[in-house]
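Everything below concerns the one structure shown next.
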Amino acid sequence: MRPDAFLLPAINSDSRFIAVAYSSRSPLHLKHIHAHLLRHGLLTGSSPVAAAILAASTPLRCIPYALSFFHCLPSPPSPHLFNALIRALSDSFLPAAALSYLALMLSSGYRPGRLAFPFALRSAAALCSSSSAAVLHSSAAKCALDVDPFVRTSLADAYSKLGSHDLALKVFQETPPWLLSSNILLWNVAITVSCRSERMNHARRLFDEMPERNVASWNSMVDGYMKAGDVDIAVELFERMPEKNVVSWTTMVAGFSLNRDYERALTTFDSMLGAGIRANNFTLSAALASCAKMGALNAGIRIHEYARRRAFREDGAVGTALVDMYSKCGKVELASQIFAGMKERDIETWTAMIMGWAIHGCWGEAFHCFEDMKCSSIEPDGGAFLAILVACSHAGKIDTGLEIFYSMKCEYKIQPNIKHYTCIVDLFGRAGRLKEALEFLNLMPIEPDYVLWGALLSACRANKNIEISELAAEKLLKLKPTHSGSQVIMSNMYAGAGMWDGVEKVRASLKKSSLIKEPGWSYIELEGKAHHFFSGDLSHPSAGEIYAKLEELVTKAKKEGYQPNMEWVLHDIEEEDKSGSLRLHS
DNA sequence: TTCGCACAAT
């Protein structure tokens with residue numbers, strides 16, 4: 001494109017150049033303005049147009065150009081230009097450079113103005129550098145700039161992001177009332193900090209006390225209650241909100257999902273679209289995660305279609321959520337197609353794909369994926385190791401699994417957590433090597449939790465090992481007394497081995513503790529509606545037809561040689577009923 | 001032109 005096609009004010013007017021710079025849609029536009037200014041000798045290090053070009057480069061994310069622009073100015077850059085560059089860098093992949101340019105600015109004899117601090121603090125937070133934040137805090141205080149509302153808010157925000165909740169609240173509390181009353185954002189930061197440090201009562205007090213609230217104040221509270229598990233209060237606040245934006249809706253979708261109410265997450269997503277609010281990347285990722293968690297393939301496909309219609313890039317969080325959704329809904333090939341089409345993959349994307357192959361028992365694909373990830377210079381983290389270990393345990397690759405597990409500690413310096421250990425116990429257990437599982441468990445440097453004992457117990461059940469299962473069940477029950485499933489397993493194992501006094505003992509203790517085994521359930525998704533089924537459930541309006549069809553299928557299956565495995569059903573039910581309770585569930 | 005709230009793998 002020729003530059004003249006879209007710009008070139010006829011007169012030498014800064015304000016028109018500035019307007020054109022801000023309306024630029026690509027770095028190329030900025031370069032044209034740049035060239036024009038150079039050609040006519042209009043560019044200096046202190047011209048407002050120069051600052052505008054740098055400022056306009058921030059949303060275009062062209063850091064290399066911004067840097068070369070800055071360094072090729074015909075005269076020394078003004079503080080204004082330093083600020084613009086620091087801002088662009090603070091929001092980029094090079095936050096450390098923002099701090100370097102702040103230092104350069106100081107050594108050039110400039111004092112950082114009230115504009116430089118917020119950007120520099122944002123960089124410190126992006127770098128996870130508490131020490132930088134502390135240095136910036138004291139320099140701001142020396143320049144008497146820490147009373148500036150923006151600087152104060154940025155300080156509190158940086159401390160909050162760095163996890164220094166108490167320091168963030170201190171900044172808020174030490175703010176004089178006359179500064180506080182007009183600064184909603186500082187209140188909002190204080191609310192967010194209180195929520196993150198699990199002080200909902202404190203957050204609520206601030207929320208009730210603040211002189212004026214905006215939509216973000218409400219969103220923070222709703223999010224806080226959701227994260228604390230207080231779904232009802234979150235819903236109540238959400239309904240009372242005077243104004244809802246896309247963040248409010250996304251918070252609800254993600255909140256329901258976090259609290260395992262996936263159906264409400266999806267109906268909320270639909271209500272949002274119905275209210276005429278457009279979904280963004282955040283919303284789609286949250287909604288897709290709910291589909292993945294409950295295996296709602298059709299809902300997932302619908303959301304995928306929405307994303308395609310609206311030309312969302314299937315990258316980043318949305319791409320990862322799609323890979324995860326298709327994998328968890330049984331469509332690992334589709335997941336793999338999405339994965340292959342993604343241009344940017346981060347550790348989470350790779351992990352979702354490896355886990356997808358792993359849970360489908362595709363060992364070779366999972367392993368190749370793991371190796372490809374390392375080749376594309378992404379260091380595996382704990383999550384990626386967990387995924388490949390799951391692949392090993394599902395495929396019975398004991399030696400490879402152990403090798404990977406030890407390389408994690410020795411080569412990658414990653415401390416395995418309880419989930420990794422559980423995976424190894426599972427690895428031995430599935431292969432029937434229960435003694436080794438137990439030995440491994442006893443040598444673990446961390447305390448086993450009930451999930452781990454549960455994995456061992458399942459392995460014992462599959463391998464009919466009474467001795468170790470007694471130990472596992474005992475430990476499990478001690479750690480999680482409400483876990484009735486382990487008792488039922490024990491009862492069945494005793495019965496299977498003909499140890500009737502064992503059965504009696506478990507029965508007695510079950511009765512005494514009045515534990516009731518939660519019934520297993522499944523659901524099927526039909527035309528966008530989920531239908532739940534419990535074992536022996538007759539509540540569905542079409543129950544008659546459903547069971548007739550089931551009967552027909554089971555008869556057919558029996559003719560083909562199907563024999564229900566009755567070992568795992570409680571043993572005191574009559575034979576006839578036993579096979580019934582198996583097929584009436586799933 | 002500067003500050004806040006929501007998302008993806010285990």
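So that the names make sense, note that chain A is the first sequence line, chain B the second, and so on, each numbered from 1.
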Side chain of Ala321(A) (C-beta onward), nearest among dT10(B), dA8(B), dG4(B): dA8(B)
Between Trp350(A) (CH2) and dA8(B) (P), how many Å, whole number? 21 Å
Testing dC5(B), dC3(B), dA8(B) for proximity to the side chain of Arg196(A), the answer is dC5(B)
Would you indicate which nucleotide in dA6(B), dG4(B), dA8(B) comes nearest to any side-chain atom of Phe282(A)? dA6(B)
Listed nucleotide nearest any side-chain atom of Lys293(A), set dA9(B), dC7(B), dC5(B): dA9(B)
Using 4.0 Å as the upper bound for N to carboxylate O, is an ion pair formed by Glu371(A) and Lys374(A)? yes
Run the salt-bridge test on Arg152(A) and Asp148(A) with the 4.0 Å N-O cut-off and return the result as yes or no. no
Donor-acceptor pair present, Asn280(A) side chain and dA6(B) base, under 3.5 Å: yes
Look at all strands and tell whether Asp381(A) reaches a base, only sugar-phosphate, or nothing, counting heavy atoms closer than 4.0 Å. base
Using the side-chain heavy atoms of Glu348(A), tell me which of these nucleotides is nearest: dA9(B), dC5(B), dT2(B). dA9(B)
What's the closest nucleotide to the Lys161(A) side chain, out of dA9(B), dC5(B), dA8(B)? dC5(B)
How would you label the contact of Lys244(A) with the nucleic acid (heavy atoms, under 4.0 Å): base, sugar-phosphate, or nothing? nothing
Taking the side chain of Leu386(A) as heavy atoms from C-beta outward, which of dG4(B), dA6(B), dT10(B) is closest to it? dT10(B)
Interatomic distance, Met226(A) CE vs dC7(B) P [rounded to whole Å]: 11 Å
For the pair made of CE in Met221(A) and C1' in dA6(B), what is the distance, rounded to whole Å? 16 Å
Would you call Arg302(A) and Asp270(A) a salt bridge, taking side-chain N to carboxylate O under 4.0 Å as the test? yes
Given dC7(B), dT1(B), dG4(B), which nucleotide is nearest the side-chain atoms of Tyr22(A)? dT1(B)
For the pair Glu236(A) and Arg240(A), find out whether any cationic side-chain nitrogen is under 4.0 Å from an anionic carboxylate oxygen. yes
Salt-bridge test for Arg196(A) and Asp166(A): reply yes if a basic N is under 4.0 Å from a carboxylate O, no otherwise. no
Less than 4.0 angstrom from a charged side-chain N to a carboxylate O is my criterion; do Asp91(A) and Arg61(A) meet it? yes
Nearest-nucleotide pick for Val247(A), side chain only, options being dT2(B), dC3(B), dA6(B): dA6(B)
In this structure, how many angstroms lie between the C1' atom of dT1(B) and the CZ atom of Arg122(A), rounded? 12 Å
Results of side chain to side chain contact (heavy atoms under 4.5 Å, CB included) for Ser217(A) - residues two or more places apart only: Ile184(A), Asn188(A), Phe207(A), Met210(A), Arg213(A), Asn214(A)
Whole-Å distance separating the CD1 atom of Ile86(A) from the C1' atom of dT1(B): 14 Å
Using only heavy-atom distances, decide whether a donor-acceptor pair under 3.5 angstrom links the side-chain of Asn214(A) to the base of dG4(B). yes
Whole angstroms only, please: what is the CG-P distance between Asp315(A) and dC7(B)? 20 Å
For the backbone of Glu344(A) and the side chain of Asp315(A), can you confirm whether one donor and one acceptor N or O come within less than 3.5 Å of each other? yes
Under 4.0 Å, heavy atoms only, any strand: does Ala387(A) hit a base, just the sugar-phosphate, or nothing? nothing
Can you pull out the residues from residues 147-159 of chain A that lie within a 4.0 Å heavy-atom distance of DNA chain B? Phe150(A), Thr153(A), Ser154(A), Asp157(A)
Just how far is it from atom NZ of Lys328(A) to atom CG of Leu297(A), taken to the nearest 0.5 Å? 14.0 Å
Using atom CH2 of Trp218(A) as one end and atom C1' of dA6(B) as the other, report the distance to the nearest whole Å. 17 Å
Does Arg345(A) count as lying over the ring of Phe339(A), i.e. NZ or CZ under 6.0 Å from the six-ring centre, within 45 degrees of the axis? yes
Taking only heavy atoms on the protein side, list every residue of residues 44-53 of chain A lying under 4.0 Å from any atom of DNA chain B, sorted numerically. none
Using atom CG of Asp91(A) as one end and atom C1' of dG4(B) as the other, report the distance to the nearest whole Å. 14 Å
Counting any heavy atom closer than 4.0 Å, what does Asp346(A) reach on the DNA or RNA strands: base, sugar-phosphate only, or nothing? base
Given Met105(A) and Tyr101(A), is the side chain to side chain contact (heavy atoms under 4.5 Å, CB included) satisfied, shown in steps? CA-CA 6 Å; Met105(A) 182 179 179; Tyr101(A) 279 94; over 6 Å; no
